[in-house]
Amino acid sequence: MKTLIRYRACRIDELITICAANEAYDGLDFLHVLSEYSGSAAEITLHWNECVNAQGTLTADAKNQLCALGGQLGRSDIEGQLNCLSLFTVRIEQALAEMQAEYEKKRKVLRSLGIYGGIAAAIIIL
Amino acid sequence: MLLQRKSPYEQAASYLCKLYGQVMSVSDYIAENAVEIRLRAGRPIVVETADKRHTIGGAAVSAESISECVTAFCDYSIHSYRRELSEGFVTLRGGHRAGFSGTAVYENGKIGTIKDISSINLRIAREHRGIAERLAGIVTDNSNFGGMLIIGEPLSAKTTMLRDLCRLVGAARKVAVIDERSEIAAMYKGEPQHSIGVNTDVLDGFLKSGGIELALRSLSPQYIMCDEIDSEFARLCGCISNGVRLVLTAHCGSIEELKRSHRICEVVEAAGINYIALLDKGKNIGKVKGLWYIANDEDIFSCDSGSNLCGGRLFGGGYARQTCGRA
């Protein structure tokens with residue numbers, strides 16, 4: 001997205017159309033829904049939050065981040081847009097790190113539970 | 001896809017977000033004849049027709065509404081319109097032009113952008129088919145034709161006249177139109193939104209220098225048409241080969257004013273222009289007020305008063321006495 005903004009100064013509707021056609025964003029169904037409004041940047045801006053919130057596979061935090069990003073896209077010059085995207089990249093990386101840490105924690109708990117469960121089952125069988 | 005479903009006024013008003021309803025509340029007469037919609041922060045909306053200013057009732061325009069409109073003009077993609085914002089105008093779908101005033105932000109000695117936009121002038125583009133018939137006759141059916149300069153004050157329909165001239169001349173001859181501000185053809189996704197003639201090639205968004213060069217190199221035009229020439233234009237005329245005729249427009253209120261303007265006289269001389277058409281304004285908007293023929297590179301004849309010398313020299317510091325009636 002940064003490249004499209006920096007070197008091609010793509011409009012919002014063009015960005016959405018290009019991203020929706022990119023396999024790398026296949027998991028983000030809301031982009032496909034938004035790309036149906038291609039040709040009307042006003043409609044995309046209007047329906048951004050609605051489409052993001054309709055995607056079930058995203059966490060509440062991810063939805064909040066994407067809605068906030070939607071509110072900033074196209075609202076400033078190229079430098080502003082690139083800075084804005086960098087900020088959201090950092091935020092998303094932080095959220096990802098937190099999720100990974102949480103997953104690790106849960107994985108350890110589950111492994112411990114599995115071990116204890118196994119021991120308990122062995123005792124019962126014995 | 002031609003934008004025929006909405007009227008030009010409605011098309012332009014649809015960019016005005018929350019102000020749309022207020023702007024659309026005008027009478028049919030105003031909507032059909034409006035040439036400009038003026039928005040100024042803290043003041044009411046004014047719709048201008050050729051002969052009058054109409055103040056629209058209702059709440060004053062807020063700074064937020066203006067900011068919202070600017071975002072809409074930029075297709076909600078401010079970053080894609082940096083050049084246009086720094087130049088103070090954005091051309092909208094349909095060829096309408098939104099001009100801004102606000103606070104200049106300088107970067108490296110040039111205006112980088114305009115912030116705190118406080119007023120918007122939305123100029124409504126219209127097609128008036130047939131207004132250029134007289135000029136088209138001169139352009140196409142005259143063996144002496146060397147080039148034409150269409151002059152007029154602001155709001156005298158110079159662009160509209162040029163657009164109709166494109167359509168009429170382009171019906172039979174090869175025309176290249178350098179549409180620097182996307183106002184003449186109003187291209188959208190490669191298709192013109194206005195009728196500009198079957199043999200007309202549009203160089204959309206090209207600067208005049210690059211557009212002329214490309215047209216001469218690859219489009220073999222018989223005529224090149226450009227809107228609103230500037231002081232740099234005379235320099236470009238040298239590269240235009242014989243056989244290609246120029247049709248240009250320039251801001252200029254009278255033939256006397258033209259004679260005082262060295263930059264325009266320079267263009268007339270360099271481009272081999274031998275016809276000058278002055279457009280009327282106000283109630284006679286879209287009509288040719290005067291038409292002159294330049295002979296021997298400097299003597300000016302009025303085309304409306306026969307072959308008599310009108311009295312004056314364009315480049316010799318004399319004067320031109322206009323004796324022509326209305327076209």
Side-chain angles (χ1 to χ4, degrees), chain A residues 1-22 25 30-31 33-53 66-89, chain B residues 1-3 5-6 10-20 64-87 90-94 98 100 102-108 110-117 182 187-191 193 205:
Chain A
M1 208 180 243
K2 278 185 177 177
T3 312
L4 293 172
I5 289 175
R6 188 196 293 271
Y7 298 108
R8 289 173 58 184
C10 285
R11 296 193 312 266
I12 294 289
D13 53 325
E14 291 171 328
L15 281 175
I16 297 297
T17 309
I18 294 169
C19 290
N22 189 337
Y25 298 107
F30 79 94
L31 287 176
V33 182
L34 283 173
S35 70
E36 287 169 19
Y37 299 111
S38 66
S40 172
E43 293 284 312
I44 287 174
T45 310
L46 200 67
H47 292 102
W48 177 281
N49 286 4
E50 186 188 308
C51 292
V52 166
N53 287 322
L66 285 169
C67 286
L69 174 64
Q72 295 298 318
L73 274 183
R75 304 285 169 160
S76 57
D77 62 5
I78 290 178
E79 282 304 308
Q81 290 296 288
L82 295 175
N83 289 339
C84 172
L85 286 174
S86 298
L87 177 68
F88 277 96
T89 307
Chain B
M1 186 182 67
L2 291 171
L3 283 173
R5 280 163 284 168
K6 286 183 185 175
E10 197 180 349
Q11 270 175 36
S14 65
Y15 282 92
L16 299 179
C17 308
K18 288 173 193 159
L19 303 172
Y20 175 79
E64 290 91 302
S65 297
I66 287 192
S67 170
E68 206 181 342
C69 291
V70 173
T71 311
F73 295 148
C74 296
D75 270 333
Y76 297 86
S77 311
I78 301 276
H79 61 277
S80 306
Y81 288 82
R82 184 185 161 87
R83 182 179 65 89
E84 288 87 343
L85 286 173
S86 68
E87 287 176 352
V90 172
T91 306
L92 311 177
R93 227 179 121 183
F100 313 119
T103 308
V105 179
Y106 279 86
E107 286 171 14
N108 304 321
K110 287 181 178 175
I111 295 177
T113 190
I114 298 174
K115 67 171 185 176
D116 300 332
I117 291 171
S182 305
M187 299 297 278
Y188 181 72
K189 292 190 174 173
E191 273 187 55
Q193 304 293 296

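Only heavy atoms go into these numbers, but all of them, side chains included; no hydrogens, no water, no symmetry mates. The structure presented is a predicted model; accordingly, all values stated were derived computationally and were not measured. By convention in this document, chain letters (A, B, ...) are assigned in the order of the sequence lines, proteins followed by strands, and residues within each chain are numbered from 1.
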For Lys2(A), I'd like to know if atom NZ has over 12 heavy atoms of other residues, nucleotides or ligands within 6.0 Å.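 Buried by this count: over 12 neighbours within 6.0 Å.
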So which part of Ser76(A) gets closer than 4.5 Å to some heavy atom of chain B, the side chain, the backbone, both or neither?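 Contact with chain B: backbone only.
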If you look at every heavy atom in [X] and [Y], which pair is closest and at what distance?
X        : Y        : answer
Ile78(B) : Arg75(A) : CG1-C, 3.9 Å
His79(B) : Gly74(A) : ND1-CA, 3.7 Å
Ile12(A) : Tyr76(B) : CG1-O, 3.1 Å

Got a sec, which residues hit ring-ring contact (aromatic ring centres under 6.0 Å, His included) with Phe30(A), two or more places apart in sequence or on another chain?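 Counting only residues at least two positions away or on another chain, Phe30(A) forms a ring-ring contact (aromatic ring centres under 6.0 Å, His included) with Trp48(A).
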Below 4.5 Å, heavy-atom pairs only: which of Thr45(A), Leu15(A), Leu73(A) has the largest tally toward chain B?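 Option with the greatest count: Thr45(A).
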Once rounded to the nearest 0.5 Å, what's the spacing between atom CG of Asp77(A) and atom SG of Cys74(B)?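 The SG atom of Cys74(B) is 11.5 Å from CG of Asp77(A), to the nearest 0.5 Å.
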With Glu50(A) via salt bridge (Lys or Arg N to Asp or Glu O under 4.0 Å) - residues at least two apart: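 Scan of Glu50(A) (salt bridge (Lys or Arg N to Asp or Glu O under 4.0 Å), adjacent residues dropped) gives none.
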Closer than 3.5 angstrom, by distance alone: can the side chain of Ser80(B) be matched with the main-chain N or O of Cys10(A) as a donor-acceptor pair?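 Between the backbone of Cys10(A) and the side chain of Ser80(B) there is a qualifying donor-acceptor contact (under 3.5 Å).
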